[in-house]
Each structure stands twice: as structure tokens, then as C-alpha cells.
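Every number for a ligand or one of its atoms is a count from 1 in the order of the listing. Keep in mind it's a predicted model, so treat the numbers as computed, not measured.
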Amino acid sequence: MDLSIVIPLFNEDESLPELTAWIEKVMLQNNFSYEIILIDDGSTDNSWQVIEQLRMANPHIKGIKFQRNYGKSAALNEGFKAAQGEVIITMDADMQDSPDEIPELRRMIVEDGFDIVSGWKKKRYDNRLTKNIPSKLFNAAARRSSKIKLHDFNCGLKSYRKKVVKSVEIYGEMHRYIPILAKWAGFRKIGEKVVEHRARKYGVTKFGWERFVNGFLDLGSITFVGKFGKRPMHFFGLWGTLFFFSGFMIFLYLTISKFFFDQTGMTQRPLFFVAILVMIIGSQLFLAGFIGELIARNSPERNNYLIEDKLGIER
Ligand code: UDP
Ligand code: MG
């Protein structure tokens with residue numbers, strides 16, 4: 001199969017017929033063998049009934065329905081598990097992404113050898129103030145911390161080599177960072193293509209301003225987990241040592257000045273409390289490090305590496 005089109009959706013019943021018809025048209029024009037996987041993320045409108053009807057008319061359409069709303073990441077994760085195509089395309093269900101981009105996105109994977117190609121909504125048709133400006137900040141932060149040169153991490157329209165989607169797990173709200181997750185898994189060829197962005201035709205946006213707060217928090221955790229997820233003590237231990245040591249030095253200074261220079265009343269000096277506080281923080285950090293190590297050891301992902309090839313070893 002050439003292509004799997006994975007589409008997460010939450011209350012998008014109005015768009016679905018038009019969207020799938022358009023995709024079908026593009027697939028036929030290019031002679032692709034394909035599947036469209038629609039993941040209904042617990043919609044409360046008629047989305048699932050619409051999917052059932054669409055499947056009757058076109059057996060390339062497949063559906064997955066969640067019992068309740070789990071979020072876009074969960075929907076993408078399930079879609080990725082089910083996808084069988086050599087190239088996987090993700091897109092939003094709201095018709096803001098154009099299916100006409102699919103052939104080129106696929107070509108860049110198959111011919112140019114990219115592992116991921118991310119869409120870039122260079123010209124956006126969203127509310128300027130609440131989306132565009134925070135989004136610029138957010139992308140700059142993601143670029144800095146991940147060193148991946150993308151303008152638009154969160155673009156819903158992307159294409160992937162099959163191996164990539166089978167080796168990343170998207171949880172929480174991590175759909176914004178799939179290129180970063182993929183980079184850690186060892187996929188280095190990450191490309192970008194300017195894509196057409198359209199105004200939302202039906203329905204309403206599912207993300208409000210909180211997305212940016214959550215987005216930044218997630219960027220923090222994803223960077224931390226990526227760096228220290230498997231060796232938390234290297235982070236907590238370092239800071240724990242620094243804190244404890246500086247507290248200890250202050251203490252030493254106070255002691256020396258009391259006994260040798262006869263400064264009275266060590267406990268009356270503010271520095272005394274600083275020393276105690278800093279030493280307590282230091283030991284707390286150490287404890288956090290030990291607990292982190294225990295968790296990392298018990299995590300099912302502790303040896304989650306991908307073997308690309310083997311020589312002289314029985315497969
Ligand atoms: N979506 C989803 N689950 C959610 C929220 C959104 O599957 O909990 C889908 C939504 O139906 C759409 C895509 O994710 O297909 C992008 O959402 P939206 O268009 O609301 O985001 P925006 O374009 O405003 O960034
Ligand atoms: Mg949208």
C-alpha cells in the first residue's frame with residue numbers, strides 16, 4: 001500500500017464527506033493504493049455515523065472510535081498503530097489542510113529520502129492575535145531546544161516513512177513534538193514543505209489559549225525527559241551536590257568565624273538559615289534523583305531501542 005491518510009477528528013461531521021471525497025479524487029488522479037483511517041476521538045455529534053456511511057461507499061475508508069475524548073495525540077497514536085501504507089500522511093479533519101499537498105509530501109519521502117516532512121503554514125488563516133503570535137514564540141522555543149530547523153512544529157499536515165510512526169509513541173499532548181520524538185528515535189532527515197492553509201470551513205477550533213501554556217510546559221518536560229529520562233541522577237545529583245556543597249561551605253564559614261574570630265551568636269545570623277535551607281534543598285534533590293532512578297529502572301521503556309540492522313546474528 002502506498003499511502004495511509006491518518007485523520008484525527010473531534011466533532012467534525014460536516015467536513016468529513018467533502019474531505020474524504022477530495023482525498024479520494026487526489027488518490028485516483030495519482031493512482032495510489034491507499035487507506036483513509038478516520039479516528040473519531042469521542043465525538044458527540046454525528047461524526048461516527050457519517051464515517052459508517054462513508055465506508056459503505058468507499059471501502060478504503062477505515063474508522064476507529066474512542067469511547068470518549070482522549071485528545072489528538074491519542075487519536076494519532078492509534079491511527080499510527082493501524083496504518084499499513086509505506087508512507088503515512090496525517091492531516092486535520094477540518095479542511096484547513098489541502099489534500100492536494102499529499103503527492104508532493106509523499107514524493108519527498110519516497111524520492112528525496114526524508115523520514116518526516118512537516119507542513120509549514122507560511123500564510124495562516126487563523127485569528128492573528130491568539131494564534132499566530134504565540135505560535136511564533138512557541139516554534140522559536142521548540143527550534144532552540146531541539147535544534148530541528150522547522151518553522152511550524154504543530155502543523156497537522158505531515159508525512160512520515162512507515163518506520164517512523166511505528167517507532168514513536170505519542171502520548172499526552174505530544175502531537176506537537178513528533179519531529180522531536182522522531183529525532184530521538186534516530187530519524188535525522190526531517191524536511192519541511194510550505195503548504196496551503198485554508199480558513200476553517202465548518203465547525204470550531206478545539207484548542208483555546210491554554211494550548212500555549214500546555215505547549216510550553218510540554219516542551220519543558222519533553223526536553224527534560226529526552227535528556228535525562230534514562231539517567232535522572234545525572235540531573236538531580238549534579239544540582240543536589242551543588243546545593244549541598246554551597247550550604248556546607250556557608251556553614252563552614254559561619255563555624256570558623258564563630259570559633260576563630262569570636263563572632264557571637266551563629267544562629268542569629270541570617271546566613272545560618274540560608275545554609276540550612278540550601279543543604280535541605282540539596283538533599284531533597286538527591287532523594288528526587290534516587291526515586292527517579294528507581295522509576296527509570298522499572299519503566300518498560302528502559303531498553304527501548306531500535307535495531308536497524310544485524311550482521312552475522314540470527315534474525
Ligand atoms: N482533534 C481531535 N481531538 C481533540 C481535539 C482536536 O481529534 O481533542 C482534531 C480536530 O478534530 C482536528 C484536529 O485535531 O481534526 C485539529 O484541531 P483544530 O482544527 O481544532 O485545531 P486548530 O486548527 O485550531 O489548531
Ligand atoms: Mg484546524
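Put simply, the side chain of H60 never gets that close to the backbone of I36: no donor and acceptor are under 3.5 Å apart. Remark: the backbone N or O of R176 is not paired with any side-chain donor or acceptor of N154 at under 3.5 angstrom.
Ionic pairing of K189 and D112 is not present here: no N-O contact between side-chain nitrogen and carboxylate oxygen is shorter than 4.0 angstrom. With respect to K206 and E12, a salt bridge is recorded, a charged nitrogen being found less than 4.0 Å from a carboxylate O. Taking a cutoff of 4.0 Å between a charged side-chain nitrogen and a carboxylate oxygen, K65 and E52 do not qualify as a salt bridge. Between K201 and D94, none of the side-chain N atoms (NZ, or NE/NH1/NH2) sits under 4.0 Å from a carboxylate O, so this pair counts as no salt bridge.
Distances from atom 23 (O) of ligand 1 to the heavy atoms of K206, E173, Q96 show the closest one on Q96.
For the residue pair E78 and Y70, no side-chain donor N or O sits within less than 3.5 Å of a side-chain acceptor on the partner. The closest side-chain donor-acceptor pair between E192 and H151 falls under 3.5 angstrom.
Short contacts between ligand 1 and N69, defined as distances under 4.0 Å to a heavy atom of the residue, involve ligand atoms 3 (N), 4 (C), 8 (O). Within the listing of ligand 1, atoms 3 (N), 8 (O) sit less than 4.0 angstrom from a heavy atom of G71. Near R200, with a cut-off below 4.0 Å to any heavy atom, the atoms of ligand 1 are 18 (P), 19 (O), 20 (O). The L9 neighbourhood of ligand 1 comprises atoms 7 (O), 11 (O), with distances under 4.0 Å to a heavy atom of that residue. Residue E12 has at least one heavy-atom neighbour below 4.0 Å for each of these atoms of ligand 1: 10 (C), 11 (O), 12 (C), 15 (O). Which parts of ligand 1 touch D41 is read off a 4.0 Å heavy-atom cut-off, strictly below it: atoms 2 (C), 3 (N), 4 (C), 7 (O), 8 (O).
F10 CB, 3.9 Å is the protein heavy atom nearest to atom 1 (N) of ligand 1. In this structure, atom 22 (P) of ligand 1 lies nearest to the protein heavy atom K131 NZ, 3.5 Å. Looking only at heavy atoms of the protein, atom 25 (O) of ligand 1 is closest to R211 NH2, 3.0 Å. In terms of protein heavy atoms, atom 14 (O) of ligand 1 is closest to K72 CD, 3.4 Å. Looking only at protein heavy atoms, the nearest one to atom 19 (O) of ligand 1 is D94 OD2, 2.5 Å. Scanning the protein heavy atoms around atom 17 (O) of ligand 1, the nearest turns out to be F207 CE1, 3.6 Å.
With 2.8 Å as the limit, D94 counts as an N, O or S neighbour of the Mg ion (ligand 2). Taking 2.8 Å as the threshold, Q96 counts as a candidate ligand of the Mg ion (ligand 2), since one of its N, O or S atoms lies below it.
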Practice task
For salt bridge (Lys or Arg N to Asp or Glu O under 4.0 Å), just list the numbers for E101 and K193, CA-CA rounded to whole Å, side-chain angles, deciding distance to a tenth of an Å, and then say yes or no.
Solution key: CA-CA 9 Å; E101 307 280 358; K193 177 187 185 305; 2.6 Å; yes

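Applying the side chain to side chain donor-acceptor pair (under 3.5 Å) test between D115 and each of R161, K163, R188, K183 identifies R161 as the sole match.
Ligand 1 has a nitrogen or oxygen under 3.5 angstrom from a nitrogen or oxygen of P8. An N or O contact shorter than 3.5 Å links A93 to ligand 1 by distance.
Checked against the 6.0 Å centroid threshold, Y160 and F80 count as a close aromatic pair.
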